[in-house]
Amino acid sequence: MKKLILVTGGTGYIGSHTVVELIENGYDVVIIDNLYNSEAEVVDRIAKITGTTPPLEVFDLCDAARLESFFRKYQNIDGIIHFAAYKAVGESVHKPLEYYRNNLVSLMNLLDSMKKTGIPAFVFSSSCTVYGQPEKLPVSEDSPIQPAVSPYGNTKQIGEEIIRDTISSDPNIRAIALRYFNPIGAHPSGLIGELPRGVPENLVPYITQTAYGLRDELKVFGNDYNTPDGSCIRDYLHVVDLAKAHVIAIERLIGNKNKSGFEIFNLGTGNGVSVLEAIKSFERATGVKVKYRITSRRAGDIEKIWADPSLANRELGWKTVSSLDEAMRTAWEWEKFIRKPHGNEN
Ligand code: UFG
């Protein structure tokens, strides 16, 4: 029998790519999403790619009573992949209580349901933001956690602790936290991708929107960092590579192959890329020039971080396969797709 996976936030950016990978790997999927930052139409696009329409239940995970009735309806769930969360670093500074309430209450409600229903497997979206500016690069999972610079980052740190304590108290629940570096790009079909509302905060959507003419110019936040070209360094990985890691993680938990109740893995390429190199990669991959200007630093930015992904390589048998240029090319295809009027998609 097919295993059934609950994907919260399954119409979002990383969630939708993971739903596709799960279906293509023989899983049944049910999605919970409140559509706060995504569109129900994503489910139709997932159906176009996979030939399967996963059921979408639209509600807020902070509503514990509604979540209980969901689990009465779906009694055969084998595992949960939890993406649903607020994720804008800057916004979280202005709306800390909204971030703590949304990200942590939803997590606790889900863990509570797992205890009540006996669902044993939980995969959590975490972030390399927990490392702050690491002293040693590349950064491995045992590097110290630094005080969070934003409420958003703190919800990821506290979230990991809540999971760790819950698992210590309940031997029936096992979990994996995946610490993402910088996911970019879109599905090769061009049908799903990142859909930022308003002005993008992240680099790649800003690049693609500038290339498309929606923004006048890209601001490069600082060229006076202690890096070879002076701009900040990140580890950009293709979202499809990232999505595949979730399939491996849930398989590992369901198959009881994890070594301890709670495991943590870095997901990145292992390569550091500067902002200026990222722009060059986009231009090379697409043949489209990006107008940019160097401006002052952005408050709260980390100077440089990239992953040591060797634990995930070894234990999960996972590594990134897509190049930076390929990720940029798919991001561009997606930007062009969403700007076209769709009308009747069928
Ligand atoms: N950048 C620009 N101009 C822009 C946008 C970004 O120069 O318009 C630069 C940033 O200064 C940074 C790099 O591009 O050096 C990447 O910035 P992003 O905002 O795309 O990504 P961050 O690494 O700052 O943040 C990401 C996620 C967060 C997560 C963090 C973990 O968006 O959710 O990684 O380090 F917390």
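Order of listing sets the numbers, starting from 1, for every ligand and every atom in it. In what follows, residues are counted from 1 in the order of the sequence shown.
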Task: Ionic contact status for D325 with K280, cut-off 4.0 Å - done: no

Open item on the list: Below 4.0 Å, non-hydrogen atoms only: which portion of I305 touches ligand 1? Side chain, backbone, both or neither.
Closed with: neither

TODO: Give the minimum heavy-atom separation between N154 and A148, together with the two atoms involved.
DONE: N-CB, 3.5 Å

TODO: Verify whether the ring centers belonging to Y86 and Y36 lie closer than 6.0 Å.
DONE: yes

- [ ] Heavy-atom contacts with V220 under 4.0 Å: which atoms of ligand 1 show up? List them by number with element.
- [x] 7 (O)

- [ ] Any chance you could lay out the ring-ring contact (aromatic ring centres under 6.0 Å, His included) test for W306 and F181, step after step, and finish with the verdict?
- [x] CA-CA 7 Å; W306 62 93; F181 283 69; 9.8 Å; no

Open item on the list: With heavy-atom distances below 4.0 Å as the criterion, list the atoms of ligand 1 near V275.
Closed with: 7 (O), 9 (C), 13 (C), 14 (O), 15 (O)

Open item on the list: Just to confirm my output: which protein heavy-atom neighbour is closest to atom 36 (F) of ligand 1, and how far is it?
Closed with: Y152 CE2, 3.1 Å

Task: Which of the ligand 1 atoms, numbered from 1, are nearer than 4.0 Å to a heavy atom of C232 - done: 15 (O)

- [ ] Using a strict 4.0 Å cut-off to heavy atoms of C128, name the atoms of ligand 1 that fall inside it.
- [x] 31 (C), 35 (O)

Open item on the list: I need the atoms of ligand 1 closer than 4.0 Å to a non-hydrogen atom of S127, numbered in the order shown.
Closed with: 29 (C), 31 (C), 36 (F)

Open item on the list: For D301, which part has a heavy atom under 4.0 Å from ligand 1: side chain, backbone, both, or neither?
Closed with: side chain

- [ ] Return yes or no for this condition: an N or O of R298 is under 3.5 Å from an N or O of ligand 1.
- [x] yes

Open item on the list: Between ligand 1 and I302, can you find any atom pair, the residue atom being a heavy atom, that is separated by under 4.0 Å?
Closed with: no

Task: Contact check: R234 vs ligand 1, nitrogen or oxygen atoms, below 3.5 angstrom - done: yes

Open item on the list: Could you tell me if K156 sits above the aromatic ring of F124, with its cationic atom closer than 6.0 Å to the ring centre and no more than 45 degrees from the axis?
Closed with: yes

TODO: Write down the atom of S92, the atom of Y152, and the distance for their closest heavy-atom approach.
DONE: OG-N, 3.0 Å

- [ ] Check whether L242 and V29 end up in the same hydrophobic cluster, where Ile, Leu, Val, Met, Phe, Trp and Tyr are linked by side-chain heavy atoms less than 4.5 Å apart.
- [x] yes

Open item on the list: Taking 4.0 Å as the limit for heavy-atom contacts, which would you say applies to R297 with ligand 1: side chain only, backbone only, both, or neither?
Closed with: neither

Open item on the list: Looking at non-hydrogen atoms alone, which of V149, L203, N182, N223 comes nearest to atom 34 (O) of ligand 1?
Closed with: N182

- [ ] Name the closest protein heavy atom to atom 28 (C) of ligand 1, giving the residue it belongs to and the distance to 0.1 Å.
- [x] V89 CG2, 3.9 Å

Open item on the list: Are there over 12 heavy-atom neighbours, none belonging to K336, within less than 6.0 Å of that residue's NZ?
Closed with: yes

Open item on the list: Here's one to test your reading of the geometry: is the NZ or CZ of R66 within 45 degrees of the ring axis of F59 and under 6.0 Å from its centre?
Closed with: yes

Task: Over 12 foreign heavy atoms within 6.0 Å of OH, Y292 - done: no

- [ ] If you have a sec, work out which protein heavy atom is nearest atom 18 (P) of ligand 1 and how many Å separate them, to one decimal?
- [x] N202 ND2, 3.4 Å

Task: Enumerated ligand 1 atoms positioned under 4.0 Å from heavy atoms of K219 - done: 2 (C), 3 (N), 4 (C), 7 (O), 8 (O)

- [ ] Between Y236, Y292, F221, flag the one that comes closest to atom 13 (C) of ligand 1 by a heavy atom.
- [x] Y236

Task: Region of F181 engaging ligand 1 - heavy atom pairs below 4.0 Å - done: neither

Open item on the list: Applying a heavy-atom cut-off of 4.0 Å, say which part of K156 lies close to ligand 1: side chain, backbone, both or neither.
Closed with: neither

Task: Presence of salt bridge, E251 and K257, under 4.0 angstrom - done: no

- [ ] Can you sort out which atoms of ligand 1 are near E201, meaning under 4.0 Å from one of its heavy atoms?
- [x] 5 (C), 19 (O)

Task: Minimum heavy-atom distance between T330 and G185, given as atom pair plus value - done: OG1-CA, 3.6 Å

